[in-house]
2 protein chains.
Amino acid sequence: MKRVTIKDLSKFLSLSTSTISRALLNDKNIHPETQKRVLQAAERLGYKPNSTALNLKYGKSKNIGLVVPEMITPFSSKVLRGIQNILDPLGYRVIITQSDENPLIERKNLKLLEEFNVDGIIINLCHESFNEEVYRELINHELPMVFFDRIPGKSLNVSKVIVDDQIKASLVVEHLINTGRKRIAHIMGPLTIRNVTERANGYKRILEKYDISDPDLIIQTDGMTFEHGRRAVQELLNKKIPFDSIFAFSDTLAIGAMNYLHEQHIKIPQEVAIASFSGTELATIVHPQLTTVQQPLEKMGETAAQLVVEKINNKLSPEQTIVMDTELIYRASTLSE
Amino acid sequence: MKRVTIKDLSKFLSLSTSTISRALLNDKNIHPETQKRVLQAAERLGYKPNSTALNLKYGKSKNIGLVVPEMITPFSSKVLRGIQNILDPLGYRVIITQSDENPLIERKNLKLLEEFNVDGIIINLCHESFNEEVYRELINHELPMVFFDRIPGKSLNVSKVIVDDQIKASLVVEHLINTGRKRIAHIMGPLTIRNVTERANGYKRILEKYDISDPDLIIQTDGMTFEHGRRAVQELLNKKIPFDSIFAFSDTLAIGAMNYLHEQHIKIPQEVAIASFSGTELATIVHPQLTTVQQPLEKMGETAAQLVVEKINNKLSPEQTIVMDTELIYRASTLSE
DNA sequence: ATGAAAGCGCTAACAA
DNA sequence: TTGTTAGCGCTTTCAT
């Protein structure tokens, strides 16, 4: 069953293709009667505009590329949802690529998206500097780019959507202190991610303020999986470093840690309280539920999408950094019953 | 920075566009010397083929639509990964749409994908019959479709990728019996999903075989979220129906149930053992880890992708139903230490 | 109000 | 071996 084109309609109605096009586009230069006939015929023959032809005509692909480190946790999914809220009604399609936390794959993805003629890129990067030159190149090619969550270093002038990492990290740690914790460990992610440093700074600031800091309490991981969280807390225990609570960079790391604690029959929160950053259901499907800084992921996606669209429609629109509000949510993992 | 086209190269080298095209395509009818010059110029000017033009030319979009009920659990993400393994190297882009378990949204998504000229659709449906007419229509339009996981009723002759639901459900239940359980509850999903019935049949078969069935033990949910699982077990407890184990349709339902049990301080697996179907990390990030039927999700995605590609390349290739092998994995949620 | 024709970037007959 | 031309489906000047 071949697709019906304007040409088919033109033959069918013995009208020129331009007239058909005008009728379809609601042009003023069209007789109402003619338009009615065209519309009816279009309906009857099942005419569907060919978006490829339009894209060629207008020099756009109506594709937006999304680059994320992974899609295994619901983090990226929720952001995607927000992105689609904005982009779907505008007729954009979203092409998703996963970097697997590997900057080389990320680079390949970016190149691929450029090949694919995407009109813009929304990216959550996996290394704050490794691909800086690639980002710069794409931007020079006038490809609109918006970064969210994990953003590149200051030297790149781009639009970003982030959260108030440091402040909220401080608040979390302060909450642990307020609930009587004194030996607060921190499970960091890799240093190649800007938020990792930000959140760690928030943590350090408070521990120093209360004069309870101890470098032994900071465990640096070289990855972001459940397994990394697990190994971090294992390390603390093996080194016999006493601790009564954990602030983890992400819910993934936190949950990994929780699991190991469970296996060791260490009670949460009685013996060890635990808190982290999240924004997904992950925080509520574990037991006990995790105290977290709730990031407005869907809203972040929407905001990022709005920024790309803005940039696509107006190449001169200025770069913006939008800091989203987060909410600290207290749950059972830090509250004794 | 405007994109460099073949025309630009043609001017730059004083050659016809067709010669340029030939050089780029490695045509035999081209002087090696000329080809070298073209390739060098292309490299120097940064030429990138315009995929939109190609798609128009060849009447393809090189887009494949993916329709899934949700992306919040890692289920769809893992399948997507498999799909991309196959499709990325072939130059296909994957457009993702989420139905939110709502057949009306699913229908809208399908219509949208058709508008978008996708070359094929891979779908995990959310109601086994509601949109049957839409599927049929798309198939009549010669749009290649492959169903996976949740498939439509028998009356539709389409390619499918599924697992051996009934058999494996039986094995799970038999495992529960072998570990001494006698009052085995079943948390079903909605009856509008074929696998739900399949797995329930497997469950019933075994309970009848051992003559321990009891209709009270079957809880029918009207959704698939954590919350539904939670409420199902709540219902069992409220009705004071005694049970010593649960077989849940999915890990999502199982985890929801686990959480409620935890809150009621009911010990898993000592007081209640629990098992389900999965294939994602969800089963291992909860405590205790869940005994599940591990579905090869990535492989399922790959298989589905291969089937669409096959169908795209040859409209006449026959419909196939591929049953993937699953593995029953015993974990702490059914094994007392 | 309608039609003819050009053009978006590319490929593939057909000529030369 | 290279060039000319038409055409994929659509919109948009420019004529009529």
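The phosphate of C:dG3 has OP1 or OP2 within less than 4.0 Å of a side-chain N or O from A:T19.
With the end axes of the helix from C:dA1-D:dT16 to C:dA16-D:dT1 each set by five pairs, the angle from one to the other reads 50° at 10° resolution.
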### Query
Is there a salt bridge (charged side-chain N to carboxylate O under 4.0 Å, His left out) between A:K48 and B:E114 once you walk through the steps?
CA-CA 9 Å; A:K48 298 246 169 58; B:E114 196 187 12; 3.6 Å; yes
### Query
Can you list the steps and then say if B:K311 with B:E319 is a salt bridge (charged side-chain N to carboxylate O under 4.0 Å, His left out)?
CA-CA 9 Å; B:K311 197 77 176 177; B:E319 280 63 37; 2.5 Å; yes
### Task
Check the pair A:K111, A:E137 against side-chain contact (heavy atoms from CB on, under 4.5 Å), reporting the backbone distance first and the verdict last.
CA-CA 10 Å; A:K111 296 284 189 191; A:E137 191 186 319; 3.7 Å; yes
### Query
Can you check salt bridge (charged side-chain N to carboxylate O under 4.0 Å, His left out) on B:E101 and B:R150, steps first, answer last?
CA-CA 12 Å; B:E101 300 283 1; B:R150 309 197 201 155; 2.9 Å; yes
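The CG atom of B:L9 sits 13 Å away from the P atom of D:dG3 (whole-angstrom rounding). Computed from coordinates, the B:K62 NZ to D:dC8 C1' distance equals 17 Å when rounded to whole Å. The distance between atom CG of B:L13 and atom C1' of D:dT2, rounded to the nearest whole Å, is 14 Å. Whole-Å rounding puts the B:L15 CG to D:dG3 C1' distance at 10 Å. Rounded to a whole Å, the CD atom of B:E115 is 16 Å from the P atom of D:dG9. As rounded to whole Å, 10 Å separates atom P of D:dT12 from atom NZ of A:K28.
Interface residues of residues 32-42 of chain B facing DNA chain D, ordered by number: B:T34; criterion, heavy-atom separation under 4.0 Å.
Listed by chain and number, the residues in a side-chain contact (heavy atoms from CB on, under 4.5 Å) with B:E132 are B:S129, B:R136, B:S155, B:L156 (sequence neighbours excluded). Scanning for side-chain contact (heavy atoms from CB on, under 4.5 Å) contacts around A:E298 gives A:R81, A:N85, A:E302, with sequence neighbours left out. Judged as a side-chain contact (heavy atoms from CB on, under 4.5 Å), and not counting sequence neighbours, the contacts of B:D8 are B:V4, B:T5.
The number of heavy atoms from other shown groups lying within 6.0 Å of NZ (A:K154) does not exceed 12.
Closest non-hydrogen pair, B:R107 versus B:N131, comes out as NE-OD1, 2.9 Å. For the residue pair A:A305 and A:L87, the shortest heavy atom distance occurs at CB-CD1, 3.8 Å.
Among the protein residues, B:K60 comes within range of no part of the nucleic acid, since none of its heavy atoms lies under 4.0 Å from any strand.
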### Message
Across nucleotides 7-12 of chain C, 5' to 3', mark each nucleotide with B, S or - according to how protein heavy atoms within less than 4.0 Å reach it.
### Response
BBBBBB
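With B:S159 as the partner, the side-chain contact (heavy atoms from CB on, under 4.5 Å) test is satisfied by one option alone out of B:V308, B:L307, B:I322: B:L307.
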